[in-house]
Amino acid sequence: AEGNPLYSAKDGLLYNKEKTAVLFCPRGRTEAVIPEGVTEIQGHAFSGCSSLKTVEIPEGVTEIGDEAFENSGLTEIYIPGSVKIIDETWNLFRGCKNLQKIEVSEENEVYYAEGNCLINRGDRRVVAGCDVSVIPEGIEEIGERAFHGCGFESIELPETLVTIGR
C-alpha cells in the first residue's frame, strides 16, 4: 500500500498508515507476528482466518477490538501485560473451535487467565472463554456473550457464581 494515504502493509498484514493498528489479516495464513509499535488490534482483524494457528502479540499492544479472532484457527493465545482494553461486545474467541489455551501475562493489571477463561481482575468477571474453559471457583459473574459461539456441550458452574450475562 505504498503511497496510500490511509493504509500500509507489512509482512502480509494490513495496518493503518502509521502502523499502530492491525486492521486485517488475509485468509490462508498459518501464523502472524505483530511488530513492535502496534498498539491496537482492531475488531475482526483476524476474523475468519481458519488456517491461523498462532498470533504473536507484542508488549505495547493496549487494545484488542471486538471479535478480533472470531472463527480463526487459533490453538493458543498469549495476551501481554500492556493490554488494558478488550472490547467485550461479543466473545473475542467466538467460533475458535481449536483454541485450547488462553494465557495472560502475570504483569497485566486488568486481565488474567485461569481455567482457559479470560477474566477481568477488577470484578473477577469472565470476559471470554473457549470450548475447553473451566470456570474457576471464586468467579461471581460471567459477562454477556463470554461463551457466545463456543461449542461445548456442558460446563460446570462454580458455587460462587451469582450472575450470568445474556
Side-chain angles (χ1 to χ4, degrees), residues 10-15 21-121 124-139 142-158:
K10 182 178 180 185
D11 299 326
L13 298 178
L14 182 67
Y15 300 88
V22 178
L23 307 178
F24 179 76
C25 176
R27 312 297 186 274
R29 293 186 65 116
T30 58
E31 64 178 19
V33 177
I34 298 172
E36 299 291 325
V38 170
T39 59
E40 179 184 0
I41 299 170
Q42 286 201 345
H44 303 276
F46 295 92
S47 180
C49 294
S50 59
S51 300
L52 188 70
K53 304 296 179 223
T54 61
V55 174
E56 267 186 52
I57 304 172
E59 280 294 333
V61 169
T62 58
E63 186 172 346
I64 301 176
D66 180 38
E67 294 184 316
F69 305 104
E70 168 202 22
N71 293 318
S72 72
L74 283 180
T75 56
E76 59 184 61
I77 186 94
Y78 177 80
I79 297 173
S82 56
V83 173
K84 304 295 182 231
I85 299 169
I86 294 177
D87 188 325
E88 299 176 28
T89 306
W90 293 93
N91 181 359
L92 187 63
F93 310 117
R94 181 167 75 103
C96 293
K97 302 297 180 203
N98 300 321
L99 188 59
Q100 298 290 308
K101 189 177 192 181
I102 299 171
E103 290 186 303
V104 178
S105 168
E106 290 182 10
E107 282 81 48
N108 193 302
E109 297 173 358
V110 180
Y111 301 99
Y112 72 99
E114 186 178 342
N116 288 310
C117 294
L118 180 62
I119 302 167
N120 182 298
R121 284 187 189 279
R124 293 194 38 84
R125 176 176 36 85
V126 176
V127 172
C130 62
D131 290 1
V132 297
S133 292
V134 176
I135 302 169
E137 247 342 288
I139 294 297
I142 297 173
E144 289 193 27
R145 301 181 185 96
F147 291 100
H148 182 79
C150 290
F152 51 75
E153 293 181 19
S154 67
I155 191 164
E156 286 191 36
L157 302 176

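In this text the structure is predicted, and so the values were computed from the model without any measurement.
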Flag side-chain contact, heavy atom, 4.5 Å: Phe46 against Leu13: yes
Heavy atoms of Phe69 and Val55 approach each other most closely as CE2-CG2, 4.2 Å
Identify the two heavy atoms, one from Pro136 and one from Pro158, that lie closest to each other, and give their separation to 0.1 Å. O-CG, 3.6 Å
With side-chain contact (heavy atoms from CB on, under 4.5 Å) as the criterion, how do Ile85 and Glu40 come out once you've worked through the C-alpha distance, each side chain's angles and the decisive distance to 0.1 Å? CA-CA 9 Å; Ile85 299 169; Glu40 179 184 0; over 6 Å; no
Closest heavy-atom pair, Ser133 versus Cys117, reported as atoms and distance to 0.1 Å, is CB-SG, 3.7 Å
Any donor-acceptor pair under 3.5 Å from Asn108 side chain to Pro80 backbone: yes
Specify the closest pair of heavy atoms between Arg94 and His148, including all atoms of both residues, with the distance to one decimal. CD-CD2, 2.7 Å
Nearest-0.5 Å distance that lies between atom CD in Glu67 and atom CD in Glu70: 4.0 Å
Rounded to the nearest 0.5 Å, what separates atom CD1 in Ile86 from atom CG in Leu118? 4.5 Å
Considering all heavy atoms, the nearest Pro35-Pro58 contact: O-CG, 3.6 Å
When you compare the side chain of His44 with that of Gln42, does any pair of heavy atoms fall below 4.5 Å? no
Backbone N/O of Ser50 and side chain of Arg27: donor-acceptor pair under 3.5 Å: no
Evaluate the side-chain proximity of Val61 to Thr39: yes if any heavy-atom separation is below 4.5 Å, no if none is. no
Between Asn120 and Tyr111, is there a donor-acceptor pair closer than 3.5 Å when you use the side chain of the first and the backbone of the second? no
Contact between Asp11 and Val33 at the side-chain level, heavy atoms closer than 4.5 Å - yes or no? no
Find the distance between CD1 (Ile34) and NZ (Lys10) and round it off to the nearest 0.5 Å. 12.0 Å
Heavy-atom check, side chain of Val83 versus side chain of Val110, under 4.5 Å: no
Which atom names give the shortest non-hydrogen contact between Pro26 and Cys49, and what distance separates them? O-SG, 3.8 Å
Just wondering, do Ile77 and Lys101 contact through their side chains at under 4.5 Å, heavy atoms? no
Around atom CD of Glu56, are there more than 12 heavy atoms of other residues, nucleotides or ligands at under 6.0 Å? no
Could you tell me the separation between the CG atom of Asp66 and the CD atom of Glu88, rounded to the nearest 0.5 Å? 10.0 Å
Looking at Gly60, is its backbone amide N or carbonyl O close enough to the side chain of Ser82 to form a donor-acceptor pair, meaning the two atoms are under 3.5 Å apart? yes
In Å, rounded to the nearest 0.5 Å, how long is the span from CG of Asn71 to CG of Leu52? 12.5 Å
With under 30° as parallel and over 60° as perpendicular, where do the rings of Phe147 and Phe152 fit, or are they tilted in between? perpendicular
To the nearest 0.5 Å, what is the distance between CD1 on Ile135 and CD on Glu114? 11.5 Å
Quick one: does Phe93's side chain get under 4.5 Å of Ile102's, heavy atoms only? yes
Considering only heavy atoms from C-beta outward, does the side chain of Gln100 approach that of Asn116 to under 4.5 Å? no
Does Glu137, at its CD atom, have more than 12 non-hydrogen atoms belonging to other residues, nucleotides or ligands within less than 6.0 Å? yes
